[in-house]
Amino acid sequence: MTITTPDTPTAKPLLDWYDRHHRDLPWRISPGMAAGGAKPDPYRVWLSEVMLQQTTVQAVKPYFAKFLQRWPEVTDLAAAENDAVMAAWAGLGYYARARNLKKCAEAVAKEHGGVFPDTEEGLKSLPGIGDYTAAAVAAIAFNRQAAVMDGNVERVISRLYAIETPLPVGKPLMKEKVARLTPATRPGDFAQAMMDLGATICTPKRPACSLCPFRGACAALKHSDPEFFPVKAAKKEKPVRQGAAFVAVTADGEILLRRRAESGLLGGMTEVPTTAWTARLDGETSAAAAPFEAAWQACGTVLHVFTHFELRLSIWRTAIAGKVDDRANDGWWEPVTNLEAQALPTIMKKAIAAAIPLAFKTSKE
DNA sequence: TATCCGTGGCA
DNA sequence: TTGCCAAGGAT
């Protein structure tokens with residue numbers, strides 16, 4: 001029996017598919033609009049791409065709308081207060097993105113006259129813009145023939161060419177394939193089409209190969225099992241860390257907050273006083289680590305999974321008459337009614353909610 | 001190159 | 001329930 005060579009993949013069937021099946025997204029100019037002369041706003045493209053780094057479309061939508069309403073142009077974002085940007089980003093995760101977003105806006109405003117560079121190289125020199133984002137903005141906003149490679153494209157390409165080299169070693173080869181496939185016309189639509197395809201058809205599990213515009217050209221579909229690709233290096237298992245967090249509330253309804261170190265985990269974000277998060281921690285050590293002496297009362301444990309460890313945070317609360325000075329630790333007392341405006345990451349909202357069930361309107365129970 | 005960096009949805 | 005993993009970047 002002869003093995004048939006797959007048809008050589010080309011961009012055409014994918015672009016045709018995109019014209020019929022593209023998703024309507026707030027930051028996107030539809031192919032029809034583009035054909036009518038509409039051009040995507042580089043600021044919106046950049047903002048969406050940074051938010052979409054390792055983050056789902058559904059999670060990004062409300063944040064994108066909020067940022068655009070509050071800071072309609074890159075110069076507005078450049079002029080914003082850091083704290084306001086961090087608070088607006090709270091909950092979206094990967095907070096270095098927010099710090100770099102602000103730095104990037106400032107660089108564009110001050111060093112580029114408020115206009116984004118229109119080349120991959122120029123874009124990549126900006127904070128928070130790496131290989132992927134530079135190529136994506138260059139292709140989508142500036143019609144550059146840039147090879148865009150994200151997790152979706154890795155999956156599509158690895159299947160299309162049945163690349164067995166595990167990631168990340170196989171990434172350069174995949175990038176080469178994408179570059180060869182990227183057309184000179186409509187490179188931005190091609191990039192978005194590849195990502196849409198990966199998100200809706202060429203999915204990690206149970207891909208809908210019968211609906212795929214590449215079904216006649218896909219080596220994995222023809223000779224193997226598409227789900228086998230992409231091959232990835234084995235990953236480490238997550239260690240467990242433990243810690244204690246302390247929620248102190250005054251009779252006036254104010255809570256003690258602190259600011260975390262500018263870099264590292266949850267860098268620059270707001271927290272309630274907490275111990276270090278380490279492999280082991282016993283209860284007596286926890287109580288002794290409280291920010292001040294008081295009748296601390298245990299109120300449960302909060303679980304939270306970070307990228308590289310799982311945290312079990314025991315929560316302690318106390319109700320005290322008045323404020324205790326915490327300025328040595330850069331602490332301050334904030335009205336509980338004003339917590340929504342703070343740059344509180346999700347783990348801290350969970351901790352506070354465990355001690356003060358009504359602190360957040362969105363809190364469970 | 002390997003590690004660090006959040007969060008939520010889904011099978 | 002557990003693991004996977006989503007439009008990655010910085011160091």
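- Ion pairing of A:Lys12 with A:Asp16 is present here, as a side-chain N (NZ or NE/NH1/NH2) and a carboxylate O approach within less than 4.0 Å.
- When each of A:Val305 and A:Lys205 is assigned the nucleotide of DNA chain B with its nearest heavy atom, A:Val305 is the one assigned upstream, toward the 5' end.
- Side-chain N/O atoms of A:Tyr132 and base N/O atoms of C:dG8 include no donor-acceptor pair closer than 3.5 Å.
- Contact annotation: A:Arg155 reaches the phosphate of C:dA6 (side-chain N/O to OP1 or OP2, under 4.0 Å).
- In this structure, A:Gln53 does not reach the C:dG8 phosphate: none of its side-chain N or O atoms is under 4.0 Å from OP1 or OP2.
- Side-chain N/O atoms of A:Tyr95 include one lying less than 4.0 angstrom from OP1 or OP2 on B:dT7.
- Under 4.0 angstrom from either OP1 or OP2 of B:dC5 there lies at least one side-chain N or O belonging to A:His308.
- Under 3.5 Å, the side chain of A:Thr307 and the base of B:dG6 form at least one donor-acceptor pair of N or O atoms.
- For A:Thr55, no side-chain nitrogen or oxygen approaches OP1 or OP2 of B:dT7 to under 4.0 Å.
- Ring geometry for A:Phe64 against A:Trp27 counts as perpendicular: the plane angle is over 60°, on a 0 to 90° scale with 30° as the lower cut.
- Neither OP1 nor OP2 of B:dG6 sits under 4.0 Å from any side-chain N or O of A:His304.
- Residue order along DNA chain B, read from the 5' end via each residue's closest nucleotide, puts A:Pro168 first among A:Pro168 and A:Pro345.
- The CD-C1' distance, from A:Glu227 to B:dA11, rounds to 11 Å in whole Å.
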